[in-house]
Amino acid sequence: MPKSIDGHMKADGLKVAIVATRFNDFIVDRLVGGAMDFLTRHGMNPDDAVIIRVPGAFEVPLVCKKAAESGKYDGIVAVGCVIRGGTPHFDYVCSECAKGVAQVELASGTPIGFGLLTCDNLEQAIDRAGVKAGNKGVEAASAMLETIRVLEQL
């Protein structure tokens with residue numbers, strides 16, 4: 001039978017940065033809360049997390065890069081919320097944020113849980129911040145944690 005590598009969900013001893021946007025903070029605060037709740041329920045000391053606020057989604061990759069380069073964090077959770085408006089600005093911001101975070105993760109080797117909500121309207125954002133569709137902050141923290149634990153075994 002082949003060996004299987006799976007990430008266990010223990011967060012004790014980890015140092016984590018949560019990079020969170022200020023724009024749409026009434027939604028983003030729920031994502032941050034979900035991520036923190038998940039990590040502390042899985043053993044992380046709340047004092048081992050730092051929440052770094054940035055203006056908007058476009059700034060997330062740069063701050064994730066600096067956090068990863070610092071060597072202070074085992075992983076990063078990136079959360080934010082962009083709601084579609086009447087111009088193509090939404091598409092550019094969301095695309096560049098996703099692409100930038102992926103580039104930082106690959107270049108640095110630091111796991112980044114990506115929890116940027118890209119919603120057509122406020123109702124979708126509310127649903128994804130803990131109402132009907134779960135909390136995407138929790139999902140981002142979970143993905144980061146599991147990736148950390150998988151990488152430890154490679």
Is any side-chain heavy atom of Pro111 closer than 4.5 Å to a side-chain heavy atom of Met144?
yes
Which atom names give the shortest non-hydrogen contact between Thr21 and Ala57, and what distance separates them?
CG2-N, 3.5 Å
Answer yes or no: is there a donor N or O on one side and an acceptor on the other, between the side chain of Ser142 and the main chain of Glu139, under 3.5 Å?
no
Quick one: do Lys15 and Asp74 make a salt bridge, cutoff under 4.0 Å?
no
What is the minimum heavy-atom distance between Cys81 and Ile83, and which atoms define it?
SG-CG1, 3.9 Å
If you define the side chain from C-beta out and look only at heavy atoms, does anything of Ser108 sit under 4.5 Å from Lys65?
no
Taking CD in Gln153 as the centre, count heavy atoms belonging to other residues, nucleotides or ligands within less than 6.0 Å. Is the count above 12?
yes
Distance-minimising heavy-atom pair for Asn135 and Gly34
ND2-CA, 3.9 Å
Separation of Glu105 CD from Thr110 OG1 (nearest 0.5 Å):
8.5 Å
Yes or no on salt bridge (Lys or Arg N to Asp or Glu O under 4.0 Å) for Lys99 and Glu96, after CA distance, side-chain angles and deciding distance?
CA-CA 5 Å; Lys99 189 182 339 175; Glu96 292 306 310; 3.1 Å; yes
Enter the distance from Phe90:CZ to Ser95:OG here, rounded to the nearest 0.5 Å.
10.5 Å
How about Arg84 and Thr118: do any of their side-chain heavy atoms sit closer than 4.5 Å?
no
In Å and rounded to the nearest 0.5 Å, what is the CG to OG1 distance from Leu151 to Thr147?
6.5 Å
Please check if atom CZ in Phe58 has more than 12 non-hydrogen atoms from other residues, nucleotides or ligands closer than 6.0 Å.
no
Taking the side chain as everything from C-beta on, heavy atoms only, tell me whether Val77 gets closer than 4.5 Å to Val16.
yes
Taking the side chain as every heavy atom from C-beta outward, state whether Glu146 and Arg149 have any atom pair closer than 4.5 Å.
no
Please give me the minimum heavy-atom distance between Ala78 and Cys64, naming the atom from each residue.
CB-SG, 4.1 Å
Asp37 vs Val138 side-chain heavy atoms within contact, under 4.5 Å:
no
Side chains of Leu116 and Val60: does their closest heavy-atom pair fall under 4.5 Å?
no
Trace of the salt bridge (Lys or Arg N to Asp or Glu O under 4.0 Å) decision for Asp127 with Lys136
CA-CA 10 Å; Asp127 287 347; Lys136 300 304 178 184; over 6 Å; no
Quick one: pull up CG in Asp25 and CZ in Arg30 and give me the separation to the nearest 0.5 Å.
13.0 Å
